[in-house]
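This structure is a prediction, so every number in the text was calculated from the model and none was measured. Numbered from 1 within each chain, the chains take letters A, B, ... in sequence-line order.
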2 protein chains.
Amino acid sequence: MAKTSVTKAGDQPKPYHHGNLVGALISATVELIEEHGVEQLSVREVAKRAGVSPGAPFRHFRSKTALLTAVAEQAMDRLTEAVARAVSDVDSTDPAAAFEAIGQGYLEWAMANPTHFQIISSRTLIDFEASSSLRDQNGAIREKMVELLARAQHQGRLAPDVDLDHLVLAARAYVYGLARMAIDGHFPEWHPSEPPAIAVRRALRLFMSQMIVPPRCDLRKPKKSS
Amino acid sequence: MAKTSVTKAGDQPKPYHHGNLVGALISATVELIEEHGVEQLSVREVAKRAGVSPGAPFRHFRSKTALLTAVAEQAMDRLTEAVARAVSDVDSTDPAAAFEAIGQGYLEWAMANPTHFQIISSRTLIDFEASSSLRDQNGAIREKMVELLARAQHQGRLAPDVDLDHLVLAARAYVYGLARMAIDGHFPEWHPSEPPAIAVRRALRLFMSQMIVPPRCDLRKPKKSS
DNA sequence: CTACGGTGTAATCAGTGATTACATGCAAGA
DNA sequence: TCTTGCATGTAATCACTGATTACACCGTAG
């Protein structure tokens, strides 16, 4: 615990070996992106914040992209965990509820961690294909979605002839679009009294009620469910 | 027409004044982004391709961001035109069809011009707020969507208590998500026999049939409509 | 013909990602 | 304990970037 560093100059004689440079670099990267945006990020600034020379990061990450990919992996771990937690909070016998929980968890996390989400979802800043961790976790969520829809379909809550892959694609695109629009600032003109988070949450519910489990034939009946 | 340039060295004595540097710079920018991606873009390369010195572009665009914003404005003009053309091709008395046409036109254009779309939709590469052209055209499309939904609602094809802004947001997020996922390479693992364009097109139709004009109460009846 | 103003050039700046040769100090083996 | 090995960090350096400045060029209005 004596090595989390903070580079308090003048305090310690600045041990030559940092102790945990990799972790410090990743943290510093996230901080700097949150402060000045990902476009402004420079490895030199990351090194400076970690209290280390400009070339030091390249001992651990062969390129800036590799550094950002490491950040993305850490972020993906947290996203996966957040989604899993959201799913575990709902009735496990209700696949549609679990399906919605995935979307909810995903959106909540993305909006609470815009920096991390931005890095994960970019395919130009990071080397997605090179990271089996990223690919695997991404694929796992998709498979989980298909599985849940299959269960819903088996319970008769979905038409038997609906292509699950198509529906999963639609759901992914919807959630992805909502998250990116919110983070990219595409609807700053929304009702001032209503933060994007609420609009996004309601949009997800709208999608679920229409696409996954059609609740009733006509929309005219206002529904005052919980 | 004698000035479209191409910097044929040795041909002409290289007229000191380019003639239409602004246009040439924008074209060169688009070309270079298509070749090496937007991350790799440098103003120097743009200048070189336009056959001009590295500092010349800054006489017309005060910054790299300003150059990209100009590209975005050109792109938005074309997108608006493409959407308008798509709308004009459908029955003008059918607001739902026009609504779908907007989405179709948007998606088709985005997938045919990924570079332009990428620049338009980014809020970090360009200065969106500073360009009234971008803001106006963006807002015009949204207003058109609301208007069409209002007409559909008036025709009884939508529940009278549905919040049109919410529905428009949902539709925008869906289309935006589809376009970005396709362009950002988020589903390269799709059926190899089925290019993303087709998957995206069908996804849009799925959305329309479920969200805008609920065709029937239960999904079980396979529908072989046109 | 001349002065002027818009256009492009050349030189230059600080800052960037990346590489290299070189210091440093921890830890294992004698 | 000494010393050797090696991972870790440093310093110097490279080519390149966005951006600025002073200056050269040239079509044109007077």
Any protein N or O atoms within reach of nucleotides 12-16 of chain C? Criterion: under 3.5 Å, listing atom names and distances.
from, atom 1, to, atom 2, distance (Å)
dT16(C), OP1, Ser42(A), OG, 3.3

Legend entry - Heavy atoms from other residues, nucleotides or ligands near CZ of Arg135(A) exceed 12 (cutoff 6.0 Å): yes
Inset, instruction - Report yes if at least one side-chain N or O of His60(A) is closer than 4.0 Å to OP1 or OP2 of dA7(D); otherwise report no. - result: no
Inset, instruction - Kindly give the heavy-atom pair with the smallest separation between Ala56(B) and Val52(B), and that separation in Å. - result: CB-CG1, 3.4 Å
How many angstroms lie between [atom1] in [X] and [atom2] in [Y], if you round to the nearest 0.5 Å?
{"X": "Arg202(A)", "Y": "Arg205(A)", "atom1": "CZ", "atom2": "CZ", "value": "11.5 Å"}
{"X": "Arg123(B)", "Y": "Leu134(B)", "atom1": "CZ", "atom2": "CG", "value": "8.0 Å"}
{"X": "Leu164(A)", "Y": "Arg151(A)", "atom1": "CG", "atom2": "CZ", "value": "13.0 Å"}

Inset, instruction - Answer yes if the side chains of Glu73(A) and Ser131(A) hold a donor-acceptor pair under 3.5 Å, and no otherwise. - result: yes
Kindly give the atom pairs (protein nitrogen or oxygen, nucleotide nitrogen or oxygen) under 3.5 Å for nucleotides 20-22 of chain D.
from, atom 1, to, atom 2, distance (Å)
dA22(D), N6, Arg59(B), NH2, 3.3

Legend entry - Residues Arg49(B), Glu45(B): salt bridge by 4.0 Å N-O rule: no
Legend entry - Between C1' of dA19(D) and CG of Leu67(B), the distance in whole Å: 14 Å
Inset, instruction - Nearest whole angstrom, please: distance from the P of dG9(D) to the NZ of Lys48(A). - result: 19 Å
Inset, instruction - Check whether the ring centres of Tyr106(B) and Phe117(B) lie less than 6.0 Å apart, and answer yes or no. - result: yes
